[in-house]
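For reference, the structure discussed in these notes is given below.
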Amino acid sequence: MDWRVRRIGQALFTVWGVITISFLLVRLMPGNPMSAMIVELEEQGISPTQARYLVELRLNIDPEEPIPIAYVNYVGSMIQGDLGHSMYYDRPVVEVLATALPWTLFVLSWAAFISFFLGITLGALMAYWEGGRLDLGLTGYATVMGSVPFYVLAILLLVFLGYRYGIFPTGGRQPTGVEPGFNWTYIRGVIHHAALPVISMLVVSGAASLSMRGNSIRVLGEDYLRVARLRGLPDSTIAIQYVARNAILPMYTGLMISIGSMFGGSIILEEVFAYRGVGYYMMSAVNQRDYPLMLGAFTIITIAVVIALLIADLTYSKIDPRAGGGKSEGL
Amino acid sequence: MKDSRGPTDGDGQPKAADGDGQPKAADGGSVNSPFETISDIEETRRDRYRKRYENYVYAPFSIIWDDWRARIGLAIIALYVFVGTVGVFLVEPTTNLDGSAFIQPFETWEHPFGTDRMGRDLFADTIHSTRPILIMMASGGLFTVTVGTVFGTIAGYKGGITDTVLSSITDVFINIPGLPLVIVLAVMFEPRNPVLVGILLSIAAWAGLARAIRSQVLTMRRESFTEAARAMDVSTSRIIRKDILPRLMPYIVINMMNATRNIIFSAVGLYFLGVLPFEDQNWGITLYLAYDAGAHYRPGALHWLLIPMIAIIGISVGLILLGQSLDRVFNPRVRARHRNGEAEAEGSEDVEADNTGMMKQV
C-alpha cells in the first residue's frame with residue numbers, strides 16, 4: 001500500500017482514538033461527568049425528561065440509550081462538527097472555539113516561524129565558528145534555557161516587561177477601544193499583544209539552534225563536501241546546496257513535531273497572558289468543570305496537531321527525495 | 001577463558017592434562033585436544049566481580065568524574081535528594097502565621113527565604129516540596145522508560161502482527177498532544193498520590209522513546225550476534241534481555257534524564273494552573289498560590305514567585321548537566337580514550353546530541 005494512504009489512515013485513527021477516549025471518560029468512568037451532571041440538574045429541580053434533554057444537548061450523549069448506540073451517535077455528531085454545548089458560555093462549543101482558534105494559530109505560527117529561522121541562522125553560524133566565542137556563549141545559553149520551563153520565563157517576562165516596565169500589555173489579545181479592522185493601529189495592537197507569548201516560546205526554543213549546530217557540524221565533516229570543494233564549486237553553492245540543505249532536513253520534522261508541544265505549551269501561556277485562544281478557553285473550562293468545552297478544546301487541539309504532523313510527513317519526501325516508500329522502517 | 005573454575009577448583013592449579021585418569025573438562029571434552037587449553041590465569045568469583053565493578057561502576061564513574069558538568073550535576077541532584085529525604089526531618093513544616101507576612105528573603109535568619117502572604121515560611125515550604133516532586137520524577141521516569149522500552153523492543157524484535165498493533169498504539173500516542181491529554185485526564189481522575197501523578201504525566205511521553213527504540217532494535221535484529229543467538233536456539237526473551245537491552249541501555253538512561261526533567265516541568269505547570277488537586281506542598285502549588293494572590297504585580301511579593309522557580313531551575317540544570325555527561329560516558333569514543341589512560345577529553349563535541357535530538361512531547 002502507498003505509505004501516504006497509510007499515513008493518512010493513521011491520522012484518522014488517532015482522531016478516532018481521541019474521540020473514543022473522550023466518550024469513555026464522559027460516559028463510562030465511575031463518577032463520570034454525565035451522571036454528575038444529571039444529579040446536579042435534578043437537584044436544581046429540573047424534571048428528569050428536561051435534564052435528559054439538557055445532557056444530550058451539552059454532551060451529545062443520551063443517557064437513556066444503550067452504550068454502543070450512544071457511542072455511534074456520539075462519534076457521528078463529533079464527525080459532523082457538533083462538539084456539544086458549553087455550559088459556562090452557554091453557546092455551542094464549536095462557536096466558542098472557532099473565534100479562539102485563529103488567535104492561537106496566529107501566535108503559534110509566528111513563534112514557529114521565527115524560532116525556525118533564528119535557529120537555522122544561529123545554528124549555522126555556531127557551526128561555522130565552532131569553538132569560538134559565539135559558539136560557546138550560545139551553547140551555554142541554550143543549555144541554561146533548556147532548564148527553564150517556558151511558563152516560568154513567561155511569568156518573569158510578564159512581571160518585568162508587563163507590570164514593572166509596562167512595555168507590553170499584561171493580557172488580552174487585541175487593543176481596547178480600537179475598531180477591529182484592517183488599519184495600522186489595530187494591527188499594531190494585535191502584534192503588541194501577541195509579543196510576550198511569542199517571545200516566551202522563542203527564548204525557550206533556543207534548542208532548535210543547538211540541533212542545527214549539531215547537524216551542520218556533522219554535515220561539515222562529510223566526504224562529499226570535500227569532493228564538492230575539489231570540484232571547485234563556489235563557497236556559496238556549497239553552503240546553501242550542500243550544507244544547509246542536508247542540515248535542515250532533520251530540523252524540518254523536528255519543527256513540525258515541536259508544534260505538538262508548542263500547542264500544549266500554548267495552554268499554559270494563554271492562561272498566563274490571559275490571551276483568549278483555544279488554550280485559554282480550555283483552562284477556563286477546566287476551572288468551571290465545563291466538560292463539553294474542555295473535551296471540545298482537547299479534540300480541536302489534537303486535530304490541529306495531527307494535521308501538522310501529517311503535513312510534515314507528507315511534505316518531507318518532497319524536500320528529501322531519499323524519503324518515501326521506506327517510511328515505516330526506522331525513523 | 002570464559003569459565004575456568006570448573007577444572008581448577010580441586011587444588012587451585014589448572015590441571016595439566018597428563019594421561020592418568022583422563023580428567024574430564026567441564027564440558028566433557030577430551031583434555032588433550034588443542035581446544036582444551038585452559039587459561040593460565042586463575043579467575044575466581046571475586047576477580048569476576050572486580051572486573052564487573054571496573055567495567056560497570058569504576059570506568060563510568062571515572063569518566064563522569066573527569067567532567068565538570070557531571071560533578072556539578074551529581075552534586076546538585078544529591079543535594080535535592082538529601083533535602084527530600086533527610087531535610088524533611090530537619091526542618092519543621094510551616095504553618096500559616098509562622099511569621100509576619102512578606103518578610104523578604106535573607107532579612108532574618110528565622111526565615112531565610114522570607115514568608116508569603118499568610119506568613120508561611122518559604123524555606124520550609126521549599127524543603128517539604130522536594131519529596132513529592134522527587135517521587136513524581138522517579139515514578140514518571142520509570143514508567144516512561146519501562147513502557148517505551150517494552151513496546152519498542154517487542155515491536156522491533158517480534159515484527160509481524162505484533163509490530164503492527166504495538167506501532168499503531170505508539171503512533172496514536174505520538175500524535176496526541178501530551179499536555180492537553182494530561183490535563184483532561186487530571187481533571188477526570190484527580191490524582192493525589194505523587195506516584196500516580198508521575199505516571200499520569202508520562203502517559204503520552206513514552207511513545208517517542210518506543211518508536212526510537214523500535215527502529216534501533218530493527219537494525220540490531222539483523223546483526224550477526226543476534227542471528228547467531230537465534231541459530232543457537234536461545235530463547236527470544238533471553239536474546240532481548242542479554243543481547244539487545246544492554247546495547248540500548250545508554251539510550252534508555254539518557255532518555256530517563258530527559259523524561260524526569262519533562263515530568264517536573266509539566267507537574268509544576270499543572271499545579272501552577274490549578275489543574276491537579278493538592279493537599280500538601282510543592283513548588284507548583286507555591287507558584288499557583290503566589291500567582292493567584294497577585295504576587296506578579298504586588299510590590300514586595302516577588303520572592304514568593306522566584307523561590308519555587310529557582311528550585312525548579314536548579315534541579316533541571318542538574319539533570320541537564322548529568323544527562324550531557326552521561327552521553328559522554330556511553331560514547332564509545334570517549335570511553336576508549338579513557339581506557340587508554342588518556343584522561344582529558346578534548347572539546348565538547350558530543351554534548352548537543354542528547355537534549356535537542358529528541359524534542360519533548362509535553
Side-chain angles (χ1 to χ4, degrees), chain A residues 10-11 13-14 17-18 21-22 25 29 32-33 131 139 142-144 146-152 155-156 158-159 162-163 170 207-208 210-211 213-214 217 254 257-258 260-261 263-265 267-268 271-272 279 282-283 286-287 289 291 294-295 297-298 301-302 305-306 309 328-331, chain B residues 167-168 171-172 174-189 208 211-212 215 218-219 261 264-266 268-270 272-275 287 291 295-297 302 305-306 309 312-321 324 347-349 351-353 355-357 359-362:
Chain A
Q10 184 198 330
F13 185 66
T14 308
V18 165
I21 291 176
S22 59
L25 288 174
M29 212 184 63
N32 60 58
T139 312
T143 309
V144 173
S147 52
V148 180
F150 61 92
Y151 50 86
V152 162
I155 298 173
L156 291 177
L158 183 67
V159 167
Y163 285 100
T170 57
L210 267 195
S211 67
R213 169 182 180 272
I217 289 176
I257 290 171
S258 71
S261 54
F263 238 113
I267 299 179
I268 304 185
E271 176 74 3
V272 170
M282 183 163 177
M283 278 321 296
V286 165
N287 293 330
R289 291 295 184 265
Y291 295 103
M294 181 178 81
L295 292 172
F298 173 52
I301 291 176
T302 309
V305 172
V306 165
L309 292 177
S328 58
E329 297 270 302
L331 263 174
Chain B
S167 296
S168 311
D171 285 339
V172 168
I174 282 183
N175 278 330
I176 295 180
L179 198 65
L181 176 68
V182 169
I183 289 179
V184 168
L185 292 179
V187 169
M188 296 285 184
F189 290 103
R211 183 188 268 184
S215 64
L218 270 182
T219 55
R261 201 172 79 234
I264 314 175
F265 282 14
S266 45
V268 172
L270 291 196
F272 165 64
L273 287 177
V275 172
L287 269 183
Y291 196 78
H296 49 302
Y297 51 81
L302 193 61
L305 280 172
L306 288 182
M309 287 178 183
I312 302 160
I313 295 174
I315 193 166
S316 60
V317 167
L319 283 171
I320 284 196
L321 292 176
Q324 289 181 345
S348 60
E349 43 191 298
V351 175
E352 67 278 346
N355 58 358
T356 54
M359 292 290 286
K360 65 273 144 186
Q361 283 273 317
V362 173

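To find a chain, count down the sequence lines: A is the first, B the second, and so on, and within it residues start at 1. What you see below is based on every heavy atom in this structure, not just the backbone, and it leaves out hydrogens, waters and symmetry mates.
When all heavy atoms of A/G264 and B/P180 are compared, the closest pair comes out as CA-CD, 3.9 Å. Residues B/P177 and A/I301 share a closest heavy-atom pair of CG-CG2, 3.8 Å. For the pair A/N287 and B/L273, the tightest heavy-atom approach, listed with the atom from each and the gap, is OD1-O, 4.3 Å. Listed here is the closest heavy atom pair of B/Y291 and A/L158: OH-CD2, 3.5 Å. Closest of all the heavy-atom pairs between B/I183 and A/I267 is CD1-CG2, 3.9 Å. Residue A/G265 comes nearest to B/L179 through the heavy atom pair N-CD2, 4.3 Å, listed as atom of the first residue, atom of the second, then distance.
The choice from A/L295, A/L156, A/V306 that makes the most heavy-atom pairs within less than 4.5 Å of chain B is A/L156. Interface remark: of the candidates B/I264, B/V268, B/V275, B/V268 forms the most heavy-atom pairs closer than 4.5 Å to chain A. Between chain B and the options A/Q10, A/R289, A/M282, A/E271, heavy-atom pairs under 4.5 Å are most frequent for A/Q10.
At a 4.5 Å heavy-atom cutoff, B/L270 makes no contact with chain A through either its backbone or its side chain. Heavy atoms of A/V18 lying under 4.5 Å from chain B belong exclusively to its side chain. Looking at B/V182, neither its backbone nor its side chain comes within 4.5 Å of chain A, counting heavy atoms on both sides. Looking at B/L306, only its side chain comes within 4.5 Å of chain A, counting heavy atoms on both sides.
Between B/I312 and A/P149 there is a side-chain heavy-atom pair separated by less than 4.5 Å. Side-chain contact between B/L185 and A/L25 is present, with at least one heavy-atom pair separated by less than 4.5 Å. For the pair A/V148 and B/M309, the minimum side-chain heavy-atom distance is 4.5 Å or more. Contact annotation: the side chain of A/Y163 never approaches that of B/L302 to less than 4.5 Å [non-hydrogen atoms, C-beta and beyond].
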Would B/F272 and A/I155 count as a side-chain contact (heavy atoms from CB on, under 4.5 Å) if you check the C-alpha gap in whole Å, the side-chain angles of each, and the deciding distance to 0.1 Å?
CA-CA 11 Å; B/F272 165 64; A/I155 298 173; 3.5 Å; yes

Under the side-chain contact (heavy atoms from CB on, under 4.5 Å) criterion, do A/Y291 and B/V187 qualify, and how do the steps go?
CA-CA 9 Å; A/Y291 295 103; B/V187 169; 4.0 Å; yes

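At least one donor-acceptor pair under 3.5 Å links the side chain of A/Y151 to the backbone N or O of B/F265.
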